[in-house]
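This report concerns only the one structure given below.
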2 protein chains.
Amino acid sequence: MTATIRDRRHTAQKEAVRSALSAAGGFVSAGELHLRMSSQGHGIGLATVYRQLNALAENGHADTLLVPGGQLFRACEPGAHHHHLVCESCGTAVEIDPPDEDWIAASADRNGFTVTRHLVEVFGQCAECSEG
Amino acid sequence: MTATIRDRRHTAQKEAVRSALSAAGGFVSAGELHLRMSSQGHGIGLATVYRQLNALAENGHADTLLVPGGQLFRACEPGAHHHHLVCESCGTAVEIDPPDEDWIAASADRNGFTVTRHLVEVFGQCAECSEG
DNA sequence: ATGCGTGCAAACGATTTGCAGAGAA
DNA sequence: TTCTCTGCAAATCGTTTGCACGCAT
């Protein structure tokens, strides 16, 4: 039984998570976000961070990325297309232009697939991290 | 201390895992592979399945896909490019033609990124699953 | 007053690892 | 013989959930 948040009530924690996620700038894990919030005085529970993060992801206000070791979250605009350039060193993520969606559709057609979603992630080092 | 397999010794279990993975055809979880092997009489340990699967992935003989719920493995040729069309119903995966790699390089350049790897996964329903 | 969201701790499920024994080289 | 791989069980680790209480509505 998934105990998802119904998102009917406005709470301090919800705002705190939302703003902390935006402030993070890139992809962060739930645990790390909780850590940052805690060290800034917010006495929020880890479970609540998870619940709010999942709620944000469901509502389209955050997108997620699965990596070995867990799930990462990042603030985003609802409806945004999830194509990123992710820095493996600092976690910064940059939205990139829509790729050749026609190519995807064509490949799917050719194989008799009906596409429901697609994901493109490009990993590397951002300008700052590749210096020095 | 990661206790990775050094892959110096030829064992029955190694062969068993390799062939079971090939036989699976699509992406399978370690647990499911272990289950299939067990029900076919192979008395192999789950830990060994994990160890061999990870070894295969490291050597490039298997590629992996992270999904909510765990990691999936699939047999592949070393050096293969990891672009798939994955059926969300039956797990079948089809290799798709290389995408517009130039587009990726261009986007990266534009943002000052150095690309180390990229990942493209397209999810949907395969022909069989979308019928009836 | 009503009942949703929170916090804590316990529960979970996937994956990893310590250790002693089996088997390949 | 020597040293790697296996198997089992226990340990990890990220994440989810049960429950009682506080607070938004």
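Keep in mind it's a predicted model, so treat the numbers as computed, not measured. Residue numbers begin at 1 in each chain, while the letters A, B, ... track the order of the sequences.
The closest side-chain heavy-atom distance from B/T4 to B/N54 is not below 4.5 Å. With contacts defined as side-chain heavy-atom distances shorter than 4.5 Å, the pair B/E15/B/H10 qualifies. Residues A/C126 and B/N111 fail the side-chain proximity criterion, which asks for heavy atoms closer than 4.5 Å.
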message: Please determine whether side-chain contact (heavy atoms from CB on, under 4.5 Å) holds for the pair B/V28 and B/R36, giving the CA-CA distance in whole Å, both sets of side-chain angles, and the decisive distance to 0.1 Å.
response: CA-CA 10 Å; B/V28 279; B/R36 293 189 192 181; 3.6 Å; yes

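When each of B/H10 and B/F73 is assigned the nucleotide of DNA chain C bearing its nearest heavy atom, the one mapping closer to the 5' terminus is B/F73. If you find the closest nucleotide of DNA chain C to B/A12 and to B/Q71, the one lying nearer the 5' end belongs to B/Q71.
To the nearest 0.5 Å, the span separating CG on A/L53 from OG1 on A/T48 amounts to 11.5 Å.
Considering only side-chain atoms of B/Q52, the nucleotide from D/dC5, C/dT16, D/dG18 that sits closest is D/dC5. In the set D/dT4, D/dT17, C/dT16, the nucleotide with an atom closest to the side chain of B/R6 is D/dT4. Closest contact between the side chain of A/R9 and the listed nucleotides C/dA14, C/dA9, D/dT25 involves D/dT25. Taking only side-chain atoms of B/I44, from C-beta outward, the nucleotide of D/dG14, D/dG7, C/dG7 with the closest atom is D/dG7. Listed nucleotides: C/dC4, D/dT6, D/dT15. Nearest to the side chain of B/I5: D/dT6.
An OP1 or OP2 oxygen of D/dT15 is reached within less than 4.0 angstrom by a side-chain nitrogen or oxygen of A/Y50. When the side-chain nitrogen and oxygen atoms of A/T48 are compared with OP1 and OP2 of C/dG5, none of them lie within a distance under 4.0 Å. In this structure, A/T11 reaches the C/dT6 phosphate: one of its side-chain N or O atoms is under 4.0 Å from OP1 or OP2. An OP1 or OP2 oxygen of D/dT16 is reached within less than 4.0 angstrom by a side-chain nitrogen or oxygen of A/N54. Between A/Q13 and C/dG7 there is a side-chain N or O to OP1 or OP2 distance below 4.0 Å.
Atoms CZ (B/R18) and P (D/dC5) sit 14 Å apart, rounded to a whole Å. Rounded to an integer number of Å, the gap from CG of A/L66 to P of D/dG14 is 15 Å. To the nearest angstrom, P of C/dT6 lies 13 Å from NE2 of A/H42. Across the protein-nucleic acid pair, B/L53 atom CG and C/dA14 atom P stand 15 Å apart, rounded to whole Å. A straight line from CD of B/E15 to P of C/dA24 spans 13 Å, rounded to a whole angstrom. Atoms CD (B/E58) and C1' (D/dC5) sit 15 Å apart, rounded to a whole Å. Spacing between atom CZ of A/R8 and atom P of C/dT2 amounts to 17 Å, rounded to whole angstrom units. Look at CG on B/L46: it is 14 Å from C1' on D/dA10, rounded to the nearest Å.
Contact annotation for A/G43: backbone-only contact, meaning every heavy-atom pair under 4.0 Å involves sugar-phosphate atoms and none involves a base. Here B/G69 lies in heavy-atom contact (under 4.0 Å) with sugar-phosphate atoms only.
Side-chain to base pairing of B/R51 with D/dG7: one donor and one acceptor N or O lie within less than 3.5 Å of each other.
Between the side chain of A/K14 and the main chain of A/R9, a donor-acceptor pair closer than 3.5 Å is present.
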